[in-house]
Amino acid sequence: MTDYPIPGRFVDIVHELVALLIGRSFVALERRGWLGRVEAEDLARVLDDYPARFVELPEGACAEAGWAFERGNAWLVEQALRSAEEGRSDLVVSLILREGSKGSISIEINDLLVP
């Protein structure tokens, strides 16, 4: 992983996903197909076990995301969550972002972890 900003075209969808995640809107995440390979119960457990109150990502937070190219049109991104207590958290949501041939963007949660 490198600490480079994720491409600007992905910022809004990452902010939206994180807002739904910290708001525990797992049904909305599932409806959008954003849960990926994880279960809502596992995400809830990790959030519950972490001793912090999470807040939405501030503007510019995606500039600190770690990312790596996976395959030509896909990126593996690790976005740190933010907490009211400590600011940038060591808890990160690992995401897979894909860009379609016509500019469509898909996103899914790969994991929620402390690396």
Side-chain angles (χ1 to χ4, degrees):
M1 282 298 157
T2 55
D3 283 331
Y4 295 116
I6 64 170
R9 61 192 175 277
F10 297 147
V11 169
D12 289 342
I13 198 169
V14 170
H15 276 262
E16 184 179 353
L17 182 143
V18 169
L20 291 172
L21 175 64
I22 65 169
R24 301 176 191 292
S25 299
F26 302 119
V27 172
L29 287 166
E30 185 173 20
R31 281 190 192 134
R32 287 173 170 83
W34 292 358
L35 283 180
R37 65 181 197 93
V38 298
E39 299 289 331
E41 296 81 18
D42 293 332
L43 295 172
R45 180 186 47 76
V46 172
L47 291 170
D48 290 342
D49 289 349
Y50 197 88
R53 184 173 52 86
F54 293 105
V55 297
E56 290 192 21
L57 295 177
E59 188 174 325
C62 289
E64 302 169 352
W67 61 269
F69 288 99
E70 184 178 69
R71 290 180 209 105
N73 67 340
W75 289 261
L76 177 63
V77 173
E78 289 187 349
Q79 176 64 60
L81 299 183
R82 294 297 191 280
S83 73
E85 297 80 10
E86 62 183 0
R88 183 177 178 170
S89 173
D90 58 353
L91 185 64
V92 300
V93 59
S94 174
L95 305 168
I96 297 174
L97 291 131
R98 291 184 179 84
E99 191 167 27
S101 60
K102 297 185 179 180
S104 63
I105 297 171
S106 66
I107 189 171
E108 64 185 56
I109 298 173
N110 186 51
D111 207 347
L112 183 61
L113 70 155
V114 175

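The first residue of the sequence shown is numbered 1, and numbering continues consecutively from there.
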**Study point:** Flag side-chain contact, heavy atom, 4.5 Å: L17 against Q79
**Key:**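 Sidechains of Q79 and L17: no contact.
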Point to revise | Stepwise side chain to side chain contact (heavy atoms under 4.5 Å, CB included) test for V38 and L112 | key: CA-CA 9 Å; V38 298; L112 183 61; over 6 Å; no
Check your understanding: Is the closest basic N to carboxylate O distance between R37 and D42 below 4.0 Å?
Key ->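 Result for this pair is no, no salt bridge flagged.
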Practice item. Give a yes or no on whether a salt bridge exists between R98 and E108, defined as a side-chain N under 4.0 angstrom from a carboxylate O. Key: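 Result for this pair is yes, salt bridge flagged.
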Exercise for review: Kindly check if the number of other-residue, nucleotide or ligand heavy atoms within 6.0 Å of CD (E59) is above 12?
Suggested key: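 No, not enclosed.
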Practice item. Any chance you could lay out the side chain to side chain contact (heavy atoms under 4.5 Å, CB included) test for L21 and L47, step after step, and finish with the verdict? Key: CA-CA 9 Å; L21 175 64; L47 291 170; 4.1 Å; yes
Exercise for review: Name all pairs fulfilling the ring pair (Phe, Tyr, Trp, His ring centres under 6.0 Å) condition that reach into residues 35-58, sequence neighbours left out, sorted by first residue then second.
Suggested key: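 Qualifying pairs: Y50-F54.
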**Study point:** Identified side chain to side chain contact (heavy atoms under 4.5 Å, CB included) counterpart of I107 within the set L95, I96, V77
**Key:** L95
Let me check something: do [X] and [Y] share a hydrophobic cluster, defined by ILVMFWY side-chain heavy atoms less than 4.5 Å apart, either directly or through other members?
X: V11; Y: W75; value: yes
X: I105; Y: V93; value: yes
X: L43; Y: V55; value: no

Check your understanding: What residues, two or more places apart in sequence or in another chain, satisfy ring-ring contact (aromatic ring centres under 6.0 Å, His included) together with F26?
Key ->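 Counting only residues at least two positions away or on another chain, F26 forms no ring-ring contact (aromatic ring centres under 6.0 Å, His included).
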Point to revise | Trace of the side chain to side chain contact (heavy atoms under 4.5 Å, CB included) decision for L81 with V92 | key: CA-CA 6 Å; L81 299 183; V92 300; over 6 Å; no
Check your understanding: Under the 3.5 angstrom rule, does the side chain of E85 hit a backbone N or O of R53 as a donor-acceptor pair?
Key ->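 Side chain of E85 to backbone of R53, a donor-acceptor pair under 3.5 Å: yes, one is there.
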Point to revise | D48 vs R24, side chain to side chain contact (heavy atoms under 4.5 Å, CB included): CA-CA, chis, key distance, verdict | key: CA-CA 10 Å; D48 290 342; R24 301 176 191 292; 3.1 Å; yes
Point to revise | Pair S94, N110: side-chain N/O donor-acceptor within cut-off below 3.5 Å | key: yes
